[in-house]
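All ligand and atom numbering here is 1-based and tracks the order in the structure.
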Amino acid sequence: MFEFSRKKTGFLQTPHGGVRTPNFIFCATKGTIKGLANFFIPTTQMILCNTFHLQEYAEKIQSLGGIHKFTGFDVPIVTDSGGFQIFSMGHGSVASEIKGQRYRDNQVLKITEEGCYFNSPLNGNKKFLSPEVATEIQIKLGVDFAVAFDECTPSHGGYDYTKQSTLRSIRWEQRSLEYFQKNAGENQKMIGIVQGGVYKDLRDTCLEYINNSDFFGVAIGGSLGQTKDEMYDVVKYCSRNLRGGKFIHLLGIGKVEDIWALAPYVDSFDCVEPTRIGRHGIALVRGGRINLRNAKHWGDPSPLCSQCSCFVCMKYSRSYINYLLKVRESAGPSMLIHHNMHFMNTMMEEMRQSLENNQYEEVQKKWV
Ligand SMILES: [Zn+2]
């Protein structure tokens with residue numbers, strides 16, 4: 001039912017259809033693309049939801065037939081384990097390092113070997129996540145891919161903290177996998193995470209564990225450093241040292257130039273970036289991005305992108321979208337989100353073709 005193979009490009013088979021790789025996975029954190037009604041979402045091959053946000057709804061969703069039926073998404077679904085969100089609340093800066101998000105401080109109450117106690121940022125209720133609890137939620141949701149529970153360490157933690165945290169993550173991943181293997185059905189697989197921050201010896205420790213584990217795939221997570229060079233270096237290092245032909249996902253990276261720089265090393269990316277900037281009035285175009293709030297677009301009859309075949313670019317002008325943003329109509333952001341999603345899908349399709357045809361650098365220049 002599950003299979004993954006990779007030559008110049010790859011193919012991931014799941015019970016909910018196939019995914020051609022490299023690919024971009026859109027974030028439907030709470031079970032929907034924020035700001036866009038589900039029936040306006042362009043065809044996507046895979047989406048990512050979040051254990052952290054779905055925790056208290058998992059049982060009901062299970063009783064309603066699982067997350068695919070509940071949300072109407074009939075594509076493969078992966079859930080992040082919740083570790084990232086919890087530790088973003090505690091450490092702050094991983095989120096801003098990776099995704100530019102901010103959480104209030106002091107919401108993580110206690111980290112023990114057992115798991116993590118925290119205050120829900122949604123309603124302030126005291127909550128608990130552990131490898132077993134996070135895995136149980138993902139099993140109940142019925143996702144195709146559950147992610148092992150880990151600690152996401154920021155770079156400012158320093159070597160000693162990162163080491164302690166990486167070793168705990170490995171123990172937590174092991175517990176996640178054991179619980180998963182005992183309780184999940186054949187229509188689900190688990191993905192492990194390579195932690196270790198910017199320290200190669202810690203990445204090595206984690207890579208050795210992952211290489212000898214029964215995870216179906218692996219996600220590269222944690223701090224990837226402070227600069228692009230450092231980030232590329234860590235990702236390439238992890239990718240080159242992963243064995244066994246596992247599916248490789250890179251967590252939280254979604255800028256066009258980064259995807260082109262790293263796609264030869266990983267099979268999929270996820271990030272809120274394309275949809276979030278759409279909500280804020282920004283369209284992705286070949287070679288950059290444009291801010292539709294800018295007054296210069298008022299009176300411009302051209303589409304967002306003349307080479308785009310999305311329904312927004314086929315029918316609506318920059319002028320109209322500028323106007324919608326100005327008068328604060330939700331159609332404005334939703335058109336931009338739709339376009340940005342279509343843009344990413346088209347880009348990934350052309351990227352895969354360029355890999356097949358050995359024209360990667362040439363095609364890269366058209367997009368970056
Ligand atoms: Zn478009």
- Query: Which pairs, with at least one residue in residues 184-194 and sequence neighbours excluded, count as a side chain to side chain donor-acceptor pair (under 3.5 Å)?
  - Reply: none

- Total protein N/O/S atoms whose distance from the Zn ion (ligand 1) is less than 2.8 Å: 4

- Carboxylate-amine/guanidinium proximity below 4.0 Å for R168 and E173: no

- Just by distance, with hydrogens left out, do D270 and H249 show a side-chain donor and acceptor under 3.5 Å apart? yes

- Item | ILVMFWY cluster, L48 and F2 together (side-chain gap under 4.5 Å) | yes

Could you pull out all donor-acceptor pairs under 3.5 Å where a side-chain atom in residues 253-262 meets a protein atom, sequence neighbours excluded?
residue: D258; atom: OD1; partner: K228; partner atom: NZ; Å: 2.9
residue: D258; atom: OD1; partner: Y232; partner atom: OH; Å: 2.5
residue: D258; atom: OD2; partner: K228; partner atom: NZ; Å: 3.1

- Residues two or more places apart in sequence or in another chain: which of them pass salt bridge (charged side-chain N to carboxylate O under 4.0 Å, His left out) with E329? none

